[in-house]
S.K.: 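After the structure tokens below, expect a handful of questions from me.
Below, all heavy atoms of this structure are taken into account, side chains as well, without hydrogens, waters or symmetry copies.
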Amino acid sequence: MRTAHRTASRAKRYQANPTSWATAIAANQDQQPEHATMIMNKIRVAFELLKTGTTDSAYFDRLASAFNVGLIRAASIDPLVEHSMRAGIEALQNCDAIWQRHKRYGFHGPDLEPVADAIDVYEEILRNSTPRMMEEAVNTAARRMLQQARVSA
């Protein structure tokens, strides 16, 4: 009985995915232009809504997530690209500080340009990265956020 149970359990754990070859190929191909455009439209709408004083934190989170992923990718591309993403993140932190004081998002005038530049840089990164590269950056950003949460807790 125990041997049969162990054999059945092992068989469940090591089942191969019959379509893994297609997933691997798709993950390493160029980003689909339609997919990148859809993502960028959501990010640009979020930026516009933050500029107009929305109170919905989902738009802030969308932009912050994109910038975190962009920063991870930018670090492996070029220091100037990384600097642009860091400037956008700093401006976004100022936007969050406005929300902390007024419960509405907004930007100081000088912060609009770094955020717009970071969005443009993120778009270039997204369009020129494979889905696998972006997925790895998302996972790295998530791990960093969890580490920061553990340290601050």
S.K.: Taking the side chain as C-beta and beyond, is there a heavy-atom pair between Thr130 and Met133 under 4.5 Å?
M.R.: yes
S.K.: Show your reasoning for whether salt bridge (Lys or Arg N to Asp or Glu O under 4.0 Å) applies to Arg86 and Glu90.
M.R.: CA-CA 6 Å; Arg86 286 192 187 279; Glu90 185 177 322; over 6 Å; no
S.K.: Distance alone, cut at 3.5 Å: any donor-acceptor contact between the side chains of Arg143 and Thr140?
M.R.: yes
S.K.: What closest approach, in Å, do Val69 and Ala141 show between heavy atoms, and which atom pair accounts for it?
M.R.: CG2-CB, 4.4 Å
S.K.: Report the distance from atom CZ of Arg127 to atom NE2 of His35, rounding to the nearest 0.5 Å.
M.R.: 10.5 Å
S.K.: Would you say the side chain of Thr37 lies within less than 4.5 Å of the side chain of Gln32, judging by non-hydrogen atoms?
M.R.: no
S.K.: Relative to the ring of Trp99, is the ring of Tyr105 parallel (under 30°), tilted (30 to 60°) or perpendicular (over 60°)?
M.R.: parallel
S.K.: If only atom types and distance count, is the side chain of Arg104 paired as donor or acceptor with the main-chain N or O of Thr54 below 3.5 Å?
M.R.: no
S.K.: For the pair Ser57 (side chain) and Phe60 (backbone), establish whether a donor and an acceptor sit closer than 3.5 Å, ignoring hydrogens and angles.
M.R.: no
S.K.: Not counting sequence neighbours, which residues clear side chain to side chain contact (heavy atoms under 4.5 Å, CB included) with His83? List them please.
M.R.: none
S.K.: According to a 4.5 Å side-chain heavy-atom criterion applied to Ile, Leu, Val, Met, Phe, Trp and Tyr, with indirect links allowed, do Leu112 and Leu63 form part of one hydrophobic cluster?
M.R.: yes
S.K.: What distance do Ile43 atom CD1 and Met38 atom CE have between them, rounded to the nearest 0.5 Å?
M.R.: 10.0 Å
S.K.: Considering all heavy atoms of both residues, which atom of Ala91 and which atom of Pro114 are nearest to each other, and what is their separation?
M.R.: CB-CB, 4.2 Å
S.K.: What distance separates Leu92 CG from Met85 CE, expressed to the nearest 0.5 Å?
M.R.: 9.5 Å
S.K.: Between Ile125 and Met134, is any pair of side-chain heavy atoms under 4.5 Å apart?
M.R.: yes
S.K.: Indicate the atoms forming the closest heavy-atom contact of Phe67 with Ala118, along with that distance.
M.R.: CZ-CB, 3.6 Å
S.K.: Name the residue from Phe107, Tyr122, Tyr59 that meets the ring pair (Phe, Tyr, Trp, His ring centres under 6.0 Å) definition with Phe47.
M.R.: Phe107
S.K.: Quick one: closest heavy-atom pair of Lys42 and Arg62, and the distance?
M.R.: O-CD, 3.7 Å
S.K.: Quick one: list whatever passes side chain to side chain contact (heavy atoms under 4.5 Å, CB included) with Asp78, sequence neighbours left out.
M.R.: Leu80, Val81
S.K.: Report yes if the side chains of Ile119 and Met40 come closer than 4.5 Å at any heavy-atom pair, otherwise no.
M.R.: yes
S.K.: Which is it for Lys51 and Asp111 under the salt bridge (Lys or Arg N to Asp or Glu O under 4.0 Å) test, yes or no, and what are the steps along the way?
M.R.: CA-CA 10 Å; Lys51 287 194 301 187; Asp111 288 337; over 6 Å; no
S.K.: Do we see a donor-acceptor contact under 3.5 Å between the side chains of Glu124 and Asn128?
M.R.: yes
S.K.: Let me check something: do Ile89 and Ile77 share a hydrophobic cluster, defined by ILVMFWY side-chain heavy atoms less than 4.5 Å apart, either directly or through other members?
M.R.: yes
S.K.: Taking the side chain as every heavy atom from C-beta outward, state whether Arg73 and Ser129 have any atom pair closer than 4.5 Å.
M.R.: yes
S.K.: When you compare the side chain of Thr55 with that of Lys103, does any pair of heavy atoms fall below 4.5 Å?
M.R.: no
